[in-house]
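Here the structure is laid out as structure tokens; the discussion comes afterwards.
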Amino acid sequence: MSARSEFTKRIEGLSTVGIHMVIDQLKDQWSNDNSMNGAVRRFIEICEAEIEARYELITLPSEVAKRRAAIHEVTV
């Protein structure tokens, strides 16, 4: 298993707050190095993509509810 897929699998089990903590830890650990390691940047991007995907999944039901309400109002 590659380091990237292992990292992705590990963050999928974390809460969103936990993922933010991982990002902070990576940034703290590598902030002394002005040219942040490419792998670290990629891991941070993976974390941010996971957070964005979760946010989109959370907002989906509310969009569906809005559409249903709009359809219900039109048909009433």
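These numbers were taken from a predicted model, which means no experiment stands behind them.
Residues forming a salt bridge (Lys or Arg N to Asp or Glu O under 4.0 Å) with Lys66 (at least two apart in sequence, or on another chain): Glu63. Judged as a side chain to side chain contact (heavy atoms under 4.5 Å, CB included), and not counting sequence neighbours, Gln25 has no contacts. Annotation: side chain to side chain donor-acceptor pair (under 3.5 Å) contacts of Ser2 (sequence neighbours excluded): Ser5. Residues passing the side chain to side chain donor-acceptor pair (under 3.5 Å) test with Arg42 are Glu45, sequence neighbours excluded.
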Using a 3.5 Å cut-off and no angle test, enumerate the donor-acceptor pairs between side-chain atoms of residues 47-60 and protein atoms at least two apart in sequence or in another chain.
unit_1	atom_1	unit_2	atom_2	d
Glu50	OE2	Arg54	NE	3.0
Glu50	OE2	Arg54	NH2	3.4
Arg54	NH1	Leu14	O	2.7
Arg54	NH2	Ile11	O	3.4
Arg54	NH2	Glu12	O	3.1
Arg54	NH2	Leu14	O	2.8
Thr59	OG1	Tyr55	O	3.3
Thr59	OG1	Glu56	O	3.0

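Cluster note: Val17 groups with Met21 through ILVMFWY side-chain heavy atoms spaced under 4.5 Å, whether in direct contact or through intervening members.
Of the inter-residue distances, the one linking Thr8 atom OG1 with Ile46 atom CD1 reads 4.0 Å to the nearest 0.5 angstrom.
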